[in-house]
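Please read the structure below before turning to the comments.
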Amino acid sequence: MNFSLEGRTYVVMGVANKRSIAWGIARSLHEAGARLIFTYVGERFGKSVRELAETLEGQEPLFYECDVTDDESIIQTFESIQNDVGTIHGLAHCIAFANREELKGEFLNTSRDGFLTAQNISSYSLTAVARAAKPLMKDGGSILTMTYLGGEKVVQNYNVMGVAKASLDANMRYLASNLGKDNIRVNAISAGPLRTLSAKGVGDFNSILAEIEERAPLRRPVTQEEVGDTAYYLLSDLSRGVTGEIIHVDSGFNIIG
Ligand code: N5H
């Protein structure tokens, strides 16, 4: 079987800058020969993703603004993609948000608004996007989202995002169950900590990485490329028998008690 992504089209949501996990995924898909479509929110990120995409040789990417808090924006985005390219073969959902002030201190103090914001952007958006993308996956497809250990175990400071990732994990499994009959698979990657824009401003990120170096089986943090290559596996036919799964790309950290 040929696992090149030549002739295949993938939507990548959530590139903010060159450190973004979404950007690592885009590069791996590009290397495998895929055609790429990017969505972004706001002109700042629109400019950034356009500049980055220019560095992908031979790629003629398409760009769409998509605000995942707005159902109309999601529907519009996928209708435009349908009009412009017809069929897509997969989608990488790399989107999350929680208020900065609720990513420290006690989870107990989480506000209703902050809780709902995290759930809305970090979990519900996957449901809404999967529904809008389904009609474009005419030959079947693969949907991928990004999760984190803090949704399975209590991780200091992850707080409201931990509850949102637990919701996202279940969301992914229910979608996998619904979409299997259409030959659409839905999976998640649980990445080890990476210095992305999301991680920026996280107090003591160095000590989080130091713990990985000390305790993770591989004794080192993972790279954007390693996450990108697992995304390639999940988005290609290499993983054709896999759905509803979470793959930890975390140097094995999650198995350590
Ligand atoms: C245990 C930790 C450290 C605590 C960090 C939590 C990070 C949570 C992720 C969310 C998505 C970060 C977030 O929403 C930040 C925003 O409040 C402020 N930033 C922004 O608005 C920027 C401009 C935009 C681009 O960000 C977003 N998200 O739109 C976890 C770490 C060890 C691992 C980690 C960093 C996990 C993760 O989920 O990203």
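Numbers here simply count residues along the sequence, with the first being 1. Numbering of ligands and ligand atoms starts at 1, following listing order.
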(message) Is it the case that atom NZ in K200 sees more than 12 heavy atoms from other parts of the structure closer than 6.0 Å?
(response) no

(request) Check whether more than 12 heavy atoms from other residues, nucleotides or ligands sit under 6.0 Å from atom CD of E101, and answer yes or no. (result) yes

(request) Starting at CG of N187, measure out to OG of S142 and round the result to the nearest 0.5 Å. (result) 6.0 Å

Name each donor-acceptor pair under 3.5 Å that joins a side chain in residues 204-218 to protein atoms two or more places apart or in another chain, with its distance.
| residue | atom | partner | partner atom | Å |
| --- | --- | --- | --- | --- |
| D204 | OD2 | S207 | OG | 3.1 |
| N206 | OD1 | R195 | NH2 | 2.4 |
| S207 | OG | D204 | O | 3.0 |
| E211 | OE2 | R215 | NH1 | 2.8 |
| R215 | NH2 | G257 | O | 2.7 |

(request) For S28 and E225, test the side chains for any donor-to-acceptor distance below 3.5 angstrom and give the result as yes or no. (result) no

N or O contacts of ligand 1 with protein under 3.5 Å, please list pair by pair.
| residue | atom | partner | partner atom | Å |
| --- | --- | --- | --- | --- |
| ligand 1 | 14 (O) | A98 | N | 2.9 |
| ligand 1 | 14 (O) | A98 | O | 3.1 |
| ligand 1 | 17 (O) | A98 | O | 2.6 |
| ligand 1 | 17 (O) | R100 | N | 3.2 |
| ligand 1 | 28 (N) | A96 | O | 2.7 |
| ligand 1 | 38 (O) | Y158 | OH | 2.6 |

(message) Is it the case that the side chains of R185 and S239 hold a donor-acceptor pair, with the cut-off being a distance below 3.5 Å and no angle test?
(response) yes

